[in-house]
Amino acid sequence: MNETTLERRLRASGGLVMLGLMIEIASLTWRHPTAFILFVVGGGAFMAAGMFWFLYTIVSRGGE
Amino acid sequence: MTLLILLLVVALLLLAPVVLHPSLTLRRAGRVFAFLAIVVVPAAAGLAGLEEHVERTKTVAFCTSCHVMQRYGKSLHIDDVEHLAAQHWQYNRVPQETACFACHTNYTLYGDYKAKLRGLRHVWVQYAGTIPSKIELYSPYNNRECLHCHAGARSFLESVTHKGEMAAIQANTKSCLTKRCHGTVHDVAQVDALALWPKEEKR
């Protein structure tokens with residue numbers, strides 16, 4: 001994996017986690033059952049995807 | 001809440017260098033920082049946020065934010081001690097802010113989690129399913145939930161009626177909510193016609 005690909009992947013994973021955090025902050029300003037769903041399904045999914053993508057990136061780079 | 005938002009914002013700010021300058025991970029310290037910023041801090045902030053949301057789900061305001069539950073919330077204000085839910089709420093026999101949850105969780109090892117999972121299903125039904133015309137419990141109300149607080153209480157133990165039925169009450173073979181005992185819980189059919197407490201509040 002060249003440096004550019006690595007940087008792109010890191011930027012993407014960081015961006016996904018950022019998006020997830022922003023959704024979670026937004027959901028916390030709203031007191032409604034839908035906010036809970038938004039937190040778990042929206043925020044949680046983006047954060048998990050970003051973390052997974054980051055871990056996958058560093059693990060796959062280590063194998064090269 | 002403020003601390004939680006602060007934690008989430010800090011987590012967001014820590015991500016900025018990784019997103020703007022991913023080349024910092026070329027150095028060892030940068031990789032450690034990226035791991036903290038992308039995995040550790042957001043995970044901690046996310047768990048704290050989840051805890052806050054779960055605590056909110058226990059409030060009466062949360063339960064009654066769905067239209068179908070509003071009459072049940074209103075029934076807590078019925079000005080008649082024969083109405084079990086109203087009596088518990090008005091005399092602080094359950095925490096007023098979390099009254100629904102106090103009685104509608106199972107006092108078992110995984111009772112809270114099961115209650116939350118049922119709550120998720122209710123949200124799903126609210127948006128994607130068909131709300132039943134009559135809301136019913138999943139299973140008959142278990143005396144265990146009542147005895148969680150009342151067992152050992154003098155008022156409960158010394159009641160002549162309870163003394164005669166103690167074995168059946170404890171074995172859950174005779175429900176506390178039997179018609180002749182505490183049969184009126186949430187009289188949602190009549191709630192609009194009944195007097196409410198406090199009187200000055202319009203609901």
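To find a chain, count down the sequence lines: A is the first, B the second, and so on, and within it residues start at 1.
Between H88(B) and H150(B), the angle of the ring planes goes over 60°, which puts this pair in the perpendicular group of the 30/60° scheme.
When all heavy atoms are compared, the tightest approach of Q90(B) to I78(B) is NE2-O, 2.8 Å. Nearest approach of L4(B) to A45(B), heavy atoms of both residues: CD1-O, 4.1 Å.
No donor-acceptor pair closer than 3.5 Å links the side chain of Y141(B) to the backbone N or O of H104(B). Within the 3.5 Å criterion, the main-chain N or O of Q96(B) finds a donor-acceptor partner in the side chain of W89(B).
Looking at L16(A), neither its backbone nor its side chain comes within 4.5 Å of chain B, counting heavy atoms on both sides. Contacts of A61(B) with chain A are absent, with no heavy-atom separation under 4.5 Å from either backbone or side chain.
Among R8(A), M18(A), M22(A), the residue with the largest count of heavy-atom pairs under 4.5 Å with chain B is M18(A).
Of the charged side-chain nitrogens involved, none lies within less than 4.0 Å of a carboxylate oxygen, so that R9(A) and E7(A) do not count as a salt-bridged pair.
Among the candidates L7(B), L3(B), T2(B), V9(B), the single residue satisfying the side-chain contact (heavy atoms from CB on, under 4.5 Å) test with I5(B) is V9(B). Between I169(B) and the options L147(B), T161(B), T178(B), a side-chain contact (heavy atoms from CB on, under 4.5 Å) holds for only L147(B).
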Test side chain to side chain contact (heavy atoms under 4.5 Å, CB included) on L12(B) and I25(A); report intermediate values, then the result.
CA-CA 10 Å; L12(B) 211 51; I25(A) 290 171; 4.1 Å; yes

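Taking non-hydrogen atoms and a 4.5 Å limit, the residue list of residues 182-190 of chain B in contact with chain A is empty. For a heavy-atom cut-off of 4.5 Å, chain B lies close to S27(A), L28(A), W30(A), R31(A), H32(A), P33(A), T34(A), A35(A), F36(A) in residues 27-36 of chain A. Near-neighbour residues of residues 38-50 of chain A relative to chain B, defined by a heavy atom under 4.5 Å from a heavy atom of that chain, comprise F39(A), V40(A), M47(A), G50(A).
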If you look only at distance, which donor and acceptor atoms sit under 3.5 Å apart when one is on a side chain in residues 17-41 of chain B and the other is two or more places apart or in another chain?
unit_1, atom_1, unit_2, atom_2, d
T25(B), OG1, P22(B), O, 2.7
R31(B), NH1, T25(B), O, 3.1
R31(B), NH1, L26(B), O, 3.2

